[in-house]
Amino acid sequence: MLEVLLMQYKDIFGRDFPLIDFEGRPEIDVINTIYECVHNNKPYEEDMEIKTKIMDAPSAR
């Protein structure tokens, strides 16, 4: 799921999602953030509020 969202983000915004900003955080946080960006057609901003949560997405272990 994460790989698909990363590709969608790049296709929509013309640049890679800044994964470095999420170093050490659970994968589900990254998935929810990218999904929010893609779903609302808004690029990532450091202080953005994540309203959409994908609860059963895989998380990093």
Side-chain angles (χ1 to χ4, degrees):
M1 176 173 220
L2 178 57
E3 293 81 13
V4 171
L5 286 170
L6 287 168
M7 288 187 299
Q8 285 180 320
Y9 186 93
K10 187 168 187 170
D11 286 345
I12 292 169
F13 303 112
R15 62 180 182 258
D16 291 325
F17 182 79
L19 286 173
I20 193 76
D21 292 352
F22 289 81
E23 189 173 344
R25 292 184 54 191
E27 185 175 321
I28 192 66
D29 290 350
V30 179
I31 289 170
N32 283 329
T33 302
I34 299 172
Y35 182 81
E36 182 79 19
C37 293
V38 169
H39 182 71
N40 293 306
N41 198 31
K42 292 185 178 184
Y44 171 71
E45 294 177 4
E46 205 171 301
D47 59 347
M48 70 186 299
E49 181 182 346
I50 307 304
K51 297 176 185 172
T52 306
K53 303 285 185 183
I54 301 172
M55 302 309 280
D56 41 338
S59 62
R61 295 186 193 261

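All of these numbers come straight from a predicted model, not from anything done at the bench.
Once rounded to the nearest 0.5 Å, the distance linking CD1 of Ile28 with CG of Leu2 reads 9.5 Å. Taking CD1 from Ile34 and CZ from Phe17, the interatomic distance works out to 4.5 Å, rounded to the nearest 0.5 Å. Atom-to-atom distance recorded for Phe22:CZ and Asp29:CG is 7.5 Å, nearest 0.5 angstrom.
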May I have the list of side-chain donor-acceptor pairs in residues 36-46 shorter than 3.5 Å, sequence neighbours left out?
{"unit_1": "Glu36", "atom_1": "OE1", "unit_2": "Lys51", "atom_2": "N", "d": "3.2"}
{"unit_1": "Glu36", "atom_1": "OE1", "unit_2": "Thr52", "atom_2": "N", "d": "2.9"}
{"unit_1": "Glu36", "atom_1": "OE1", "unit_2": "Thr52", "atom_2": "OG1", "d": "3.2"}
{"unit_1": "Glu36", "atom_1": "OE2", "unit_2": "Asn40", "atom_2": "ND2", "d": "2.9"}
{"unit_1": "Asn40", "atom_1": "ND2", "unit_2": "Glu36", "atom_2": "O", "d": "3.2"}

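Residue pairs meeting the salt bridge (charged side-chain N to carboxylate O under 4.0 Å, His left out) criterion with at least one partner in residues 1-16, sequence neighbours excluded, are Lys10-Asp16.
Under the salt bridge (charged side-chain N to carboxylate O under 4.0 Å, His left out) criterion, Asp21 pairs with no residue at all, not counting sequence neighbours. Residues satisfying the salt bridge (charged side-chain N to carboxylate O under 4.0 Å, His left out) test with Lys53, not counting sequence neighbours, are none.
Residues Leu19 and Met7 do not share a hydrophobic cluster, clusters being chains of Ile/Leu/Val/Met/Phe/Trp/Tyr side chains in contact below 4.5 Å. In terms of hydrophobic clustering, with Ile, Leu, Val, Met, Phe, Trp and Tyr side chains grouped at heavy-atom distances under 4.5 Å, Ile31 and Val4 are assigned to different clusters.
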Show your working on side-chain contact (heavy atoms from CB on, under 4.5 Å) between Arg25 and Val30 and close with a plain yes or no.
CA-CA 8 Å; Arg25 292 184 54 191; Val30 179; 5.5 Å; no

